[in-house]
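Okay, so here's the structure we're looking at.
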Amino acid sequence: MVFERYVEVGRVALVSCGPYKGKVCAIIDVIDQNRALVEGPSTKQGEEGVPRQAIRFKLLQLLPYKIKIAHTTRSKALKSAWDKESISTKWTTSIVCQKLDARKRRQLLTDFDRFKLMKTKQRRQRLIRLCMGPKPKDKANK
Amino acid sequence: MKFGGDLHQYEVMGRKVPKLESEKSPLYKMNIFAPDDIVAKSRFWYFIKRFKKVKHSNGEIISVRQIYEKKPLKIKNFGVWLRYDSRSGTHNMYKEYRDLTTEAAVTSCYREMGARHRARAHNIHILRVKEVPAAQCRRPHVQQFRNSKIKFPLPHRVVGNWNRPRFTTTRPRTSFK
């Protein structure tokens, strides 16, 4: 079984649990078998990144992006390497990020929003059915 | 003595209360790892009593100060020298930990001693904790991380989502490339 995503210095990972859930960070160094030292600059404006800390590998999901940094680089050098590879853009345009955002939006819907969504879907379906025309009589199922 | 949660490092200083005004009693200082300062003071008396002719009843604690890690974001290799009582005798040990702070390393030590040797916290004396340079590390589980180009995959990932759903017909996904 060939692996493509390795835990290595510079590997970009998604934090899947905890106070920085949903945020993206880079592995700066490996502490031991279970933990990595990570740090992530902010990917969206107005949102904080992941401050430098130890996170368990169990809470990280490795992503297919990698930046070129030396182990335990400073925040500034990390940010410049991050921007050079444009990880923020790569991440926010990726399907995974978009799906996570959609899930978050769906979770924050109010009952009124769900009602509006239902009505919009209904209207859309009605328009589609109008375009399709009436259903032909099913001769095969007789 | 319960050593639950994360331990903190305290510098406790105390001395024997001098009977006469002119008498000067020596001041003793100890670095204690304890969950809070109250336990730190208690442990201070426990140790001082063993070495010197001072007890809580005839002594006074001058200061209890929490020691914070100077560089809590720097990965260090800690050597811990300890002495513990097993069921049949008392032994010395040297253990190594790779961690960010001294307190975290000592907390890991207490947990490991409990796990591997069934040693209870009150049976463990931490003799010395020192940051060891990487070249002088002796334990293989610490030495294997002495690699600036370290690289390893995460094979067979077991995701701890035990309740959703509890019964299922599909096997879990453990390989994430």
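Numbered from 1 within each chain, the chains take letters A, B, ... in sequence-line order. Scope of the values below: all heavy atoms of this structure, side chains included, with no hydrogens, waters or symmetry mates. Because the structure is a prediction, the values reported are computed rather than measured.
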Examine whether an atom of [X] lies under 4.5 Å from a heavy atom of chain B, and if so say whether it belongs to the side chain, the backbone or both; otherwise answer neither.
{"X": "A/E39", "value": "neither"}
{"X": "A/L60", "value": "backbone"}
{"X": "A/I31", "value": "both"}
{"X": "A/R35", "value": "side chain"}

Counting neighbours of [atom1] on [X] that are heavy atoms of other residues, nucleotides or ligands and sit closer than 6.0 Å, is the number greater than 12?
{"X": "B/R50", "atom1": "CZ", "answer": "yes"}
{"X": "A/E48", "atom1": "CD", "answer": "no"}
{"X": "A/K90", "atom1": "NZ", "answer": "yes"}
{"X": "A/R74", "atom1": "CZ", "answer": "no"}
{"X": "A/I95", "atom1": "CD1", "answer": "no"}
{"X": "B/K52", "atom1": "NZ", "answer": "no"}
{"X": "A/Q33", "atom1": "CD", "answer": "no"}
{"X": "B/H125", "atom1": "NE2", "answer": "yes"}

By a 4.5 Å heavy-atom criterion (distance strictly below it), what part of [X] contacts chain A: side chain, backbone, both, or neither?
{"X": "B/I150", "result": "both"}
{"X": "B/R98", "result": "both"}
{"X": "B/P155", "result": "both"}
{"X": "B/D99", "result": "both"}
{"X": "B/F152", "result": "both"}

Which heavy atom of [X] sits nearest to which heavy atom of [Y], and what is that distance?
{"X": "B/P153", "Y": "A/Y6", "result": "N-CD2, 3.5 Å"}
{"X": "A/K58", "Y": "B/V158", "result": "NZ-O, 3.8 Å"}
{"X": "B/F176", "Y": "A/R5", "result": "O-CD, 4.4 Å"}
{"X": "B/S148", "Y": "A/V9", "result": "O-CG2, 4.1 Å"}
{"X": "B/I75", "Y": "A/V30", "result": "CD1-O, 3.9 Å"}
{"X": "B/K151", "Y": "A/E8", "result": "CD-OE1, 3.6 Å"}

Treat each ILVMFWY residue as a node, draw an edge where side-chain heavy atoms are under 4.5 Å apart, and state whether A/L63 and A/I69 are in one component.
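The answer is yes; both residues are in one hydrophobic cluster.
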
Shared hydrophobic cluster for B/F3 and B/M93 (ILVMFWY, side-chain gaps under 4.5 Å)
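Yes.
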
Hey, what do you get for CG (A/D29) to CZ (B/F145), rounding to the nearest 0.5 Å?
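Atom-to-atom, A/D29:CG and B/F145:CZ are 10.5 Å apart.
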
